Amino acid sequence: MNRTCGKLGYAALGLSALAAAGCGSGPQRPNVIIIYGDDVGYGDLSCNGGFSTVVTPNVERLAAEGVRFTSAHTTSSTSTPARFGLLTGVYPWRVPGTGIAPGDAAMIIRPDRYTLPDMMHEAGYVTAAVGKWHLGLGDERGKQDWNGHITPGLEDIGFDYSFIMAATGDRVPCVYIEDGRVVGLDPADPIEVSYARPFEGEPTGRDNPELLTKQRPSHGHDMAIVNGISRIGWMRGGRRALWVDEEICDRITEKAVDFIRRSAESETPFFLYFGTNDIHVPRVPNKRFAGRSGMGPRGDAILSFDWQVGEIMRTLDSLGIADNTLVILSSDNGPVVDDGYEDGAVELLGDHRPWGDMRGGKYSSFEAGTRTPFVVRWPAGGVKAGRVSDALMSHIDIFASLAELVGVDIPEGEARDSRPALQRLLGRDLTDREWVVEQSTAGAVGLVRDGWKYIEPNRGARYNRSVGIELGNDTVPQLYDLERDLGERHNVAAEHPELVREMQSCLDSVRSE
Ligand code: NG6
Ligand code: CA
């Protein structure tokens, strides 16, 4: 039923897109760019109200020319599962092995799965992933050939082009991988990677803190040293290929821009998944941003994130394709201040509130874990400039909504959790998704419905002392009235036993679907 409606939606949309663009015949499909920030909190962006002391003008422009959401949720409060949900349309908690991936993880999205890039490809788009990946590579953990063609890879799950960081900025191997091969590798100096044991004779953050020239770890992150910073995991060799943290924003932006230019020249519609490294740790911003926010490296990384958004928009403008490009900007999960390095983030935070008015943050079941910044811009598609949508929505629906947009029927059984909701995504339908499921690192799932938030009982720790975040776990059921209590301070489960039962049974039925 929903998918049939989707088709009607596409026809209507095609017409209005044409009208807006003043064109002749045939619907013009927009280019699609997803800018997926890393750990960017709702309150980190100045477009979201008075939480941020850092101004992010490029994201502000996007919001002023598009629709900004106040209740959009990623599926999970960490990266790997959130990205899995986005790219597959399947809740990550249904699939074992979708937790935070080590840097030598095997491909978590298996080639036989139908993915968002597969779907865009089927619609005739040229597709690319640039930036942070964190969804594994190769067939078997720890068995990748880092010195050859790393396969299976992104080309096996629908991406025509890729230029990625294998995992995260704080995990080895600290190299870029372009179309399955490490960039700039000297064959005489092969790369070795291990998550099991250190390499004999190689310095580590733990044993050689005197070699840490930039940041010291506050917790974890005391293994291989690259660019004066110790990481998670050990590696050696590949010296010529190692990234320089200060340059990551430029390198990946340049590749994203090149891809956009190439696609525009060939007049093929394109789909770009652009995962920024900012504002994940280690935060080592380029000298253009260093010291500019007054909030230390975390604030500077927010400026760097904003700059990347600006470069993408400037490119679209200069090519004359900004109007008919659908840009979706969000973040994989909520914010964290100290995520493992002594970078001054806690000390310099001042009045800045990354989590806005919400409780929790990255890793958490509380709202700040999954309620992320979310902005959509597409003038030619009739997205109203400056609109604010409070509609409850989920990243899980991006897949089916884009399928609706490009007119592809998702094969039976694929992207099973994704529902077409294009009109909501474009800020025209301001009604809520029926419910949204949120996942924390404890594996616990919460449910938001009709303004209520439910977290089922679980035995996970309540507080992560290292990162200073309340995880939202409790052995008793929790129920919050988000309309009155967005900060989830008053557990009213005891006053609404019937509602608690209903929410639990809703969760159970989603699970057993
Ligand atoms: C944690 C790391 C943290 C970060 C996170 C993944 C430690 C102590 N902490 O395990 O620094 O890398 O994993 O972040 O190692 S995410 O945004 O990619 O999910
Ligand atoms: Ca993240």
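Counting starts at 1 for both ligands and their atoms, in listed order. What you are looking at is a predicted structure, and each value in this text was computed from that prediction instead of being measured.
- The side chain to side chain donor-acceptor pair (under 3.5 Å) check on R424 picks up nothing, with sequence neighbours excluded.
- The closest side-chain heavy-atom distance from V337 to W355 is below 4.5 Å.
- Between S79 and N333, the closest side-chain pair of non-hydrogen atoms falls below 4.5 Å.
- Among heteroatoms of the N, O or S kind in D332, OD2 lies nearest the Ca ion (ligand 2).
- With D332 contributing its side chain and T80 its backbone, the two residues share no donor-acceptor pair below 3.5 Å.
- Aromatic ring pairs are classed by plane angle as parallel below 30°, tilted from 30° to 60° and perpendicular above 60°; the pair Y161 and F259 is parallel.
- The Ca ion (ligand 2) lies at 3.0 Å or more from every N, O or S atom belonging to T78.
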Could you tell me, for ligand 1, which of its N or O atoms are under 3.5 Å from any protein N or O, listing the pairs and their distances rounded to 0.1 Å?
| residue | atom | partner | partner atom | Å |
| --- | --- | --- | --- | --- |
| ligand 1 | 11 (O) | D170 | OD2 | 3.1 |
| ligand 1 | 11 (O) | H221 | NE2 | 2.9 |
| ligand 1 | 11 (O) | D339 | O | 2.9 |
| ligand 1 | 12 (O) | D170 | OD1 | 3.4 |
| ligand 1 | 12 (O) | D170 | OD2 | 2.7 |
| ligand 1 | 12 (O) | R171 | NH1 | 2.8 |
| ligand 1 | 13 (O) | R171 | NH2 | 3.1 |
| ligand 1 | 14 (O) | H280 | NE2 | 3.0 |
| ligand 1 | 14 (O) | K362 | NZ | 2.7 |
| ligand 1 | 17 (O) | D39 | OD1 | 3.1 |
| ligand 1 | 17 (O) | H280 | NE2 | 3.4 |
| ligand 1 | 17 (O) | K362 | NZ | 2.9 |
| ligand 1 | 18 (O) | K132 | NZ | 2.9 |
| ligand 1 | 18 (O) | H134 | ND1 | 3.3 |
| ligand 1 | 18 (O) | H280 | NE2 | 3.4 |
| ligand 1 | 19 (O) | S79 | N | 2.9 |

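- Between W133 and Y273, the ring-plane angle classifies as perpendicular under the 30° and 60° cut-offs.
- Checked against a 6.0 Å centroid threshold, the rings of H395 and Y36 count as neighbours.
- W243 and Y176 have tilted rings, their planes meeting at an angle from 30° to 60° on a 0 to 90° scale.
- Between the Ca ion (ligand 2) and the N, O or S atoms of D39, the shortest distance is to OD1.
- Restricting D38 to its N/O/S atoms, the shortest distance to the Ca ion (ligand 2) is reached by OD1.
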